[in-house]
2 protein chains.
Amino acid sequence: MTESDKSTRDRLIETAMRLFHEQGYAATGVSTILREAGVKSGSLYYFFPTKEALLLAVLDRYMELLEPVILQPAFEATPDPVGRIFAVLEGYRQALIFTQCTMGCPIGNLALELSDTYPEVREKLSGLFNAWCKAIKGCLDAAGDRLPSHLNRETLSRFILTVMEGGMMQSRAQRSVEPYEASIAHLRDYFDQLIAAGAAKSSVASDVSP
Amino acid sequence: MTESDKSTRDRLIETAMRLFHEQGYAATGVSTILREAGVKSGSLYYFFPTKEALLLAVLDRYMELLEPVILQPAFEATPDPVGRIFAVLEGYRQALIFTQCTMGCPIGNLALELSDTYPEVREKLSGLFNAWCKAIKGCLDAAGDRLPSHLNRETLSRFILTVMEGGMMQSRAQRSVEPYEASIAHLRDYFDQLIAAGAAKSSVASDVSP
DNA sequence: ATACAATTTGATTGATCGATCAACACAATA
DNA sequence: TATTGTGTTGATCGATCAATCAAATTGTAT
């Protein structure tokens, strides 16, 4: 009984996490969560006052999983800070391939579905984005003088998240990894140019080297 | 009677378009559409067999509006091809500000909410993305030798859509235009470097081959 | 004026939605 | 043994969901 010795609360969170990712929040009925988790409705409402509270718990779980599931595996792949960033992005690419481009980023999905409906949910989604960007910014900081010194690492970390989320959105809509791969390739190109400019120790945009 | 002389069909499409954008597809009940459009349920189902069929009609309307509402105003702002691309992106920025970052891109929202649920819907969303990218690629082609000749303009147009969608997603989640503006600024920086490399006619770094 | 098609009406359907609650089970403590 | 605290059960609630349909109305052509 690998599954049922987990607590009822955990089974509810994990089942809801999976179903929200597969189908979205509104499209997932409470009855479906109950059936797939093997839990009766009374038990759900013993732990969570509403369906929204269950969603908030799911978002907390995502925050807990960010480090061990997303960051650590990628950071183990290489000690190079820039390489680690692209290892994270490669992880999402693998997830796209594994799900045949059907699922995308769970946080991004929920962000566009309901960042207007519940203020608390929006804040947690915002917090998840911030935590992701902070980790990436840590890599940018660690890259030191390989990047131009005047470069805004804060906005660049936002830009990287932008490319990841936008790329996954398109790949899901097109049912093909190509848009994601193309986006990452252009981000890689941008990085190569930033690093080249950093090595030249000169301005990014205005440098027309002979 | 500026509103009521429109056909019932049109009023349904436009009301549904607005509500789907504001609340999402699943969160918008048919009864709400009927009330706000001033239409009885029987009339809706006279024109559209299902709620999904109404959504498909909404997506067709978005396709019709792409040229006159999104592209034309931006293209009138400047004859410069690269300037036109950023004028389009500026239009989305204005929309973000106008809605206080609550609504985002209607196509992107729907893409993440239901590109898995209905195959027909996914195909229309994919078509909308393709049409948008095609228009942007037209600008890139028109930019001629200002961009490196070996640059893949097809993937670059995808990248631009990626940045737009990803940036709007973050701005919505953060309730601030800053993530969008930061993302566009880095895209601008990337373009400046591409153009500088194009002028130098000897770029090594900007070679993107997906 | 008549006939026929196109559209509108609104009451109503069964299904499903999220949520409630009194009753019950089982351990730990008194 | 009695009591208390922690979960579990499942029938049931009213509300809302998308969708239906026969009847009434309007528009159009003859």
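Here is the naming used below: chain letters follow the sequence lines, and residue numbers restart at 1 for every chain. Only this structure's heavy atoms are used, side chains among them; waters, hydrogens and symmetry mates stay out.
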field: Set of side-chain contact (heavy atoms from CB on, under 4.5 Å) partners for B:Ala27, sequence neighbours left out
entry: B:Gln23

Between [N] ([atom2]) and [X] ([atom1]): distance, integer Å:
| X | N | atom1 | atom2 | answer |
| --- | --- | --- | --- | --- |
| B:Asp10 | C:dT7 | CG | P | 13 Å |
| B:Tyr45 | C:dA11 | OH | C1' | 15 Å |
| B:Phe47 | C:dT9 | CZ | P | 11 Å |

Excluding sequence neighbours, so at least two apart, what forms salt bridge (charged side-chain N to carboxylate O under 4.0 Å, His left out) with [X]?
| X | value |
| --- | --- |
| B:Asp141 | B:Lys137, B:Arg153 |
| B:Arg35 | none |
| A:Glu154 | A:Arg158 |
| B:Glu36 | B:Arg18 |

- prompt: Please, which pairs that meet side-chain hydrogen bond (donor to acceptor under 3.5 Å, both in side chains) have at least one residue in residues 50-60 of chain A, sequence neighbours excluded?
  reply: A:Asp60-A:Lys124

message: Tell me which pairs pass side-chain hydrogen bond (donor to acceptor under 3.5 Å, both in side chains) where either residue lies in residues 82-111 of chain B, with sequence neighbours left out.
response: B:Glu90-B:Arg93, B:Glu90-B:Gln94, B:Tyr92-B:Trp132, B:Arg93-B:Glu181

Donor-acceptor contacts, no H, no angles, side chain residues 66-78 of chain B, under 3.5 Å, sequence neighbours left out:
unit_1  : atom_1 : unit_2  : atom_2 : d
B:Thr78 : OG1    : B:Asp80 : N      : 3.0

- request: Using a cut-off of 6.0 Å, state whether more than 12 heavy atoms not belonging to A:Glu178 lie near its atom CD.
  value: no

- request: With sequence neighbours left out, write down each residue that passes ring pair (Phe, Tyr, Trp, His ring centres under 6.0 Å) with A:Phe86, or none if nothing qualifies.
  value: A:Phe191

- prompt: Of all of residues 16-25 of chain A, which get a heavy atom below 4.0 angstrom from DNA chain D, listed by number?
  reply: none

query: Going by heavy atoms closer than 4.0 Å, what residues in residues 31-42 of chain A are next to DNA chain C?
result: A:Ser31, A:Ser41, A:Gly42

message: Please compare A:Ala26 and B:Leu44 by the position of their nearest nucleotide in DNA chain C and report the one closer to 5'.
response: B:Leu44

query: Contact boundaries of DNA chain D with chain B (under 4.0 Å, heavy atoms), 5' to 3'?
result: D:dC17 to D:dC21

